[in-house]
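In what follows, a structure is listed as structure tokens, so that the remarks can point back to it.
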2 protein chains.
Amino acid sequence: MNDKDRKGLHSALKSKGLRPTRQRTCVYETILGKKDHPNADEILLRVRRNLPTISLATVYNCLDALVDCGLVRQVNLDRSPSRFCPNLTPHAHFKCNRTGKIHDIPMDPKVVASLESSLPKGFTAENFDLSFIGSTDKKNHS
Amino acid sequence: MNDKDRKGLHSALKSKGLRPTRQRTCVYETILGKKDHPNADEILLRVRRNLPTISLATVYNCLDALVDCGLVRQVNLDRSPSRFCPNLTPHAHFKCNRTGKIHDIPMDPKVVASLESSLPKGFTAENFDLSFIGSTDKKNHS
DNA sequence: ACACAAAAATGGAATTATTCTAATTCCAAA
DNA sequence: TTTGGAATTAGAATAATTCCATTTTTGTGT
Ligand SMILES: [Mn+2]
Ligand SMILES: [Mn+2]
Ligand SMILES: [Zn+2]
Ligand SMILES: [Zn+2]
């Protein structure tokens, strides 16, 4: 984790009155390290390589703190376990039904604007979620 | 339930080799009757007014059959219990965080097209899900 | 009508992601 | 260095959904 990320973590936590504990730092580091939308179980496995005694409850606590601070996005597709994503830019998710992989799809501000403006009068969105299901060709099987 | 709906139910079920049982018919009728995106528990309550002995397992079985036949859409928002919607036209969902109500948001084919075309080369979507969270003004508190 | 087989419904147990609880440990400030 | 609140922990609890074994219903052929 670089200095900017560490700085961002500390200030975002502080702004909510939370402390940058070893566990929170390591969970955040882990999510930044591999942008593949892991779920809590997978994050537990990865974090335990550095903090072998961390518990699943703590992983959930840390994830909740990071989400509440806006450092991480919680991604819910269908009814599968929540996944976590460090990409804070407006983007959609694409789940390939052949590989099971989740891909980030960057969203053009134009498209975002057209989405928001498609809301009828009287509706004010403060957030949206967009996901696709489909298949990817061989190039995206990374 | 009108004749067209009953016809659609029977043919959609038949096309999957399923039978239009009393339970399936009643669950479908219930979902058509009030387009408020009920979950399985709420559907159980409503269906029991006509079929007092139906079980929750059967409601889930029926919902699965109806979804598999394409007669009903399963709507998952965050990690709350699945909701069910008879609106088969392309539409998004809007959850009002003041009232908790779910609203259908019709989607202009232009916007749908711009969504699909925002996918990078190599990604082919066969489906998408779009939901908003926000607030509605008094007019939409129906 | 009757018998049979397949499909469906049923109740309850099992599963599983997540949250809760109560006990312990950590840590920043006094 | 004490200490009080914050955080972590293990395990129990919760709740939506699925599974399983049994019973009921239904369609078909006699
Ligand atoms: Mn939270
Ligand atoms: Mn299904
Ligand atoms: Zn993402
Ligand atoms: Zn709907």
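In this structure, B:Lys14 places its NZ atom where only 12 or fewer heavy-atom neighbours from other residues, nucleotides or ligands lie under 6.0 Å away.
The aromatic rings of A:His91 and A:His37 are tilted relative to each other, their planes meeting at an angle between 30° and 60°.
You'll find the side chain of B:Leu18 reaches within 4.5 Å of the side chain of B:Arg24, heavy atoms only. Looking at heavy atoms from C-beta onward, B:Lys101 lies out of side-chain contact with B:Thr136 at the 4.5 angstrom threshold. In this structure, the side chains of A:Leu77 and A:Ile133 stay at 4.5 Å or more apart for every pair of heavy atoms.
B:Ser82 is linked by a side chain to side chain donor-acceptor pair (under 3.5 Å) to B:Gln74, B:Asn76, counting only residues two or more places apart in sequence or in another chain. With sequence neighbours excluded, the residues forming a salt bridge (charged side-chain N to carboxylate O under 4.0 Å, His left out) with A:Lys34 are A:Asp36, listed by chain and number.
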Scan nucleotides 5-9 of chain C against the protein and return all N/O pairs shorter than 3.5 Å with their distances rounded to 0.1 Å.
residue	atom	partner	partner atom	Å
C:dA7	O4'	B:Arg19	NH2	3.2
C:dA8	OP1	B:Arg19	N	3.1
C:dA8	OP1	B:Arg24	NH1	2.9
C:dA9	OP1	B:Thr21	OG1	2.6
C:dA9	OP1	B:Gln23	OE1	3.2
C:dA9	O3'	B:Gln23	NE2	3.2

Would you list the protein and nucleotides 17-21 of chain C atom pairs, both N or O, that sit under 3.5 Å from each other?
residue	atom	partner	partner atom	Å
C:dT18	OP1	A:Ser82	N	3.0
C:dT18	OP1	A:Ser82	OG	3.1
C:dT18	OP1	B:Arg79	NE	3.0
C:dT18	OP2	A:Tyr60	OH	2.4
C:dT18	O5'	A:Tyr60	OH	3.4

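The heavy-atom pair separating A:Ile54 from A:Leu44 by the smallest distance is O-CD1, 3.7 Å. Taking every heavy atom of both residues into account, A:Cys96 and A:Ser135 meet most closely at SG-CA, 4.0 Å. Here the closest heavy-atom approach between residue B:Asp68 and residue B:Lys16 is recorded as O-CE, 3.3 Å. A:Arg73 and A:His93 get closest at one heavy-atom pair: NH2-CE1, 4.0 Å. Residues A:Val111 and B:Ser118 share a closest heavy-atom pair of CG2-CB, 4.2 Å.
Scanning DNA chain D 5' to 3' for nucleotides with an atom closer than 4.0 angstrom to a non-hydrogen atom of chain A gives a first and last hit of D:dG5 to D:dT17.
Direction of the helix axis in the helix from C:dA1-D:dT30 to C:dA30-D:dT1 shifts by 20° between the two five-pair termini, rounded to 10°.
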